[in-house]
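Quick note: numbers below take in every heavy atom, side chains included, and nothing from hydrogens, waters or symmetry partners. Order of the sequence lines fixes the chain letters, A, B, ..., with proteins taken first and strands second; residue numbering starts at 1 for each chain.
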2 protein chains.
Amino acid sequence: MVSIKDIAKKAGVSISTVSYALNGSSKVTDETSSKILAIARELNYIPNAAARTLKKRESKILGVFLTDFKGDVYGELLGGMKEVCNAQGYDLIVCSGKQSHRMLPERMIDGAVILDQTFTSEELLTYADRNHKIVVLDRELDHPNINQVLLDNKAGATLATEYLVEQGHKKIYVVTGPAGSFDSIQRMKAVKLVADRADDVEWIEIAGDFKKSGGEHAAEQIVREYKGPVAVFCLNDEMAIGLCNRIAETDLRIGDHIHVIGFDNIELTRYMQPRLATIDYSKHKWGALASEQLIKIIAGEKVEHERIYVTLVEGESVGKGVKSIVTRG
Amino acid sequence: MVSIKDIAKKAGVSISTVSYALNGSSKVTDETSSKILAIARELNYIPNAAARTLKKRESKILGVFLTDFKGDVYGELLGGMKEVCNAQGYDLIVCSGKQSHRMLPERMIDGAVILDQTFTSEELLTYADRNHKIVVLDRELDHPNINQVLLDNKAGATLATEYLVEQGHKKIYVVTGPAGSFDSIQRMKAVKLVADRADDVEWIEIAGDFKKSGGEHAAEQIVREYKGPVAVFCLNDEMAIGLCNRIAETDLRIGDHIHVIGFDNIELTRYMQPRLATIDYSKHKWGALASEQLIKIIAGEKVEHERIYVTLVEGESVGKGVKSIVTRG
DNA sequence: TTGTAGGCGTTATCAC
DNA sequence: GTGATAACGCCTACAA
């Protein structure tokens with residue numbers, strides 16, 4: 001491995017001069033500088049990241065932690081993060097799994113964006129106490145070294161539920177995420193609020209998992225209990241897809257007997273027949289904002305928690321409720 | 001930051017003893033060892049990755065480089081990689097974009113898996129010459145420090161084309177990937193071979209991009225030129241989806257007027273109506289094998305290039321060709 | 001403008 | 001079994 005020492009020797013200068021030249025310091029003559037640069041290139045010099053990180057106590061690398069690599073939301077989210085990171089001179093690495101948690105405390109990265117169930121909140125608070133910088137996307141956590149960039153789950157679930165109610169549906173199944181999921185809990189809360197306030201609306205909770213299988217199981221229960229048209233709010237699109245798929249194997253029709261709305265507006269929904277109603281938000285912006293916030297708190301700036309706004313996407317997967325047709329004629 | 005120096009001071013021993021104890025060396029008494037460990041825990045000691053990497057000249061981190069974070073293939077692939085990495089004591093980080101290339105030469109990672117157009121082959125060979133270990137998934141490259149784990153593109157494209165021919169199709173559009181894509185070129189070669197060998201089969205190449213938009217554009221051209229049933233081999237599923245989608249807006253029917261087959265068997269295809277015929281392979285295994293190979297060459301083992309086998313998945317998106325019905329009736 | 005020297009936190013080679 | 005001590009490659013006062 002060729003180091004600045006080798007360059008110094010070959011150039012007949014000291015290693016500090018080499019270091020200055022390499023870092024573009026104005027303290028060194030243009031002449032010596034260009035000579036050093038030429039030799040560096042000639043020797044194929046590449047700086048050593050570990051040494052630089054050790055000395056400077058920063059790696060200029062940000063990490064994002066995901067529960068797993070699957071999941072349709074991640075592509076755009078990561079794209080948004082990368083864009084901001086790169087523009088600010090940071091590199092982005094994506095990690096998953098308990099083993100990789102060490103990247104943060106061991107200071108391999110300068111900060112972390114968390115969208116990862118495998119981190120407990122206690123763990124994150126511990127890191128924050130040790131002065132590590134964190135942005136959380138999947139929970140609420142109050143600490144000077146932690147910033148939140150959360151989806152407006154309440155608004156989204158409210159929009160979705162109100163949409164179902166407005167369409168005249170009186171019986172609403174809600175398929176939740178896995179136990180303990182922050183998004184699921186928040187969305188569920190909003191559903192209850194809206195449904196309980198509405199006239200004569202019944203809601204039934206079905207435990208899901210935010211995966212296709214959860215939707216499939218829910219479909220089976222709903223079909224079993226079927227007595228007449230019902231609405232289903234799947235707390236994410238992936239379950240909605242699983243559900244629609246399973247329903248498609250029966251005589252019941254989506255948007256006719258079973259009215260379905262999801263959450264996330266993942267790309268897949270655009271290709272469903274009928275088009276899935278869902279809640280949309282900019283994943284790209286979510287990622288971009290998360291990175292921005294992280295870089296700011298690393299720079300020592302004070303920042304406020306942020307919220308990502310959501311909108312309703314209508315779709316033929318939700319039709320009019322029977323009673324609504326009668327009532328509204 | 002608490003270092004082994006702090007522990008040494010508090011324990012009244014030298015830093016080398018601390019280091020030994022922390023690394024579980026048998027050279028140190030159980031008594032001193034446990035005392036040191038206790039103090040380390042008490043002080044919340046966390047080793048510094050940069051220092052360790054600098055000294056040991058290895059980070060125990062492997063990197064995988066992707067052209068972008070989107071793309072349906074990646075989830076399972078990365079899952080397979082992570083599984084093997086973790087089992088072997090390595091961490092996996094996912095990177096994308098030109099800026100992140102530095103991770104390899106700067107020795108932030110011990111090796112790289114490449115599925116990334118932003119690396120030129122020259123660049124990779126340069127790294128390999130400098131003794132960096134690489135596994136390529138998207139090109140052929142011969143170098144002692146580089147191993148290939150490639151899809152059996154030839155077999156896949158042959159299966160797909162033969163399937164279309166066997167079904168009696170005489171006119172086959174082939175929608176390619178972006179210019180220079182290794183997979184696209186290999187698949188195209190196999191198509192030509194099969195089609196030219198077949199009796200009375202005409203093939204027409206349409207330049208694509210491996211993205212939905214490429215399939216959409218191809219659909220437009222095909223519709224414009226439509227005179228009677230034709231087959232289309234989209235060199236990946238994503239384009240096939242774009243194509244089917246655009247076709248759905250016309251009077252033509254997939255599997256009836258336009259017979260489509262894809263490549264990759266991405267999850268989305270399972271939810272298409274009609275089911276897309278395609279070429280399947282285990283993405284999980286692909287990733288697992290890539291990691292295995294990388295870890296082996298890092299360990300100095302000699303390894304052979306590997307190949308991932310593929311199979312044909314039939315689907316209703318391909319029906320019988322008209323002439324075939326007449327002939328074979 | 002350039003050189004000297006100390007140190008970032010570890011590991012590892014020596015002595016003792 | 002334990003303790004100095006010298007690296008690893010780089011940065012950065014401070015001195016010259």
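- With hydrogens and angles disregarded, no donor-acceptor distance shorter than 3.5 Å links the side chain of Gln186(B) to the backbone of Arg139(B).
- Direction change of the helix axis from one end of the helix from dT1(C)-dA16(D) to dC16(C)-dG1(D) to the other is 40°, with five pairs defining each end axis (rounded to 10°).
- Between the side chain of Lys133(A) and the main chain of Ala299(A), no donor-acceptor pair closer than 3.5 Å is present.
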What does the B/S/- profile of nucleotides 8-13 of chain C look like, 5' to 3', with a 4.0 Å heavy-atom cutoff to protein?
BBBBBB
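- Rounded to whole angstrom, the span from the CZ atom of Arg102(B) across to the P atom of dC10(D) amounts to 14 Å.
- Residue pairs meeting the ring pair (Phe, Tyr, Trp, His ring centres under 6.0 Å) criterion with at least one partner in residues 34-85 of chain A, sequence neighbours excluded, are Phe65(A)-Phe119(A).
- Thr53(B) comes within 4.0 angstrom of nothing in the nucleic acid, heavy atoms only.
- A donor-acceptor pair under 3.5 Å is absent between the side-chain atoms of Gln117(B) and the main chain of Ser181(B), judged by distance alone.
- Side-chain atoms of Tyr281(A) and Asp264(A), non-hydrogen and from C-beta on, do get closer than 4.5 Å to each other.
- Shortest non-hydrogen contact noted between Ala128(B) and Asn145(B) is O-ND2, 2.8 Å.
- Counted by atom type alone, Thr17(B) and Ser14(B) present one or more donor-acceptor pairs between their side chains at under 3.5 Å.
- Side chain of Asn147(B) to backbone of Ile134(B): no donor-acceptor contact under 3.5 angstrom is found.
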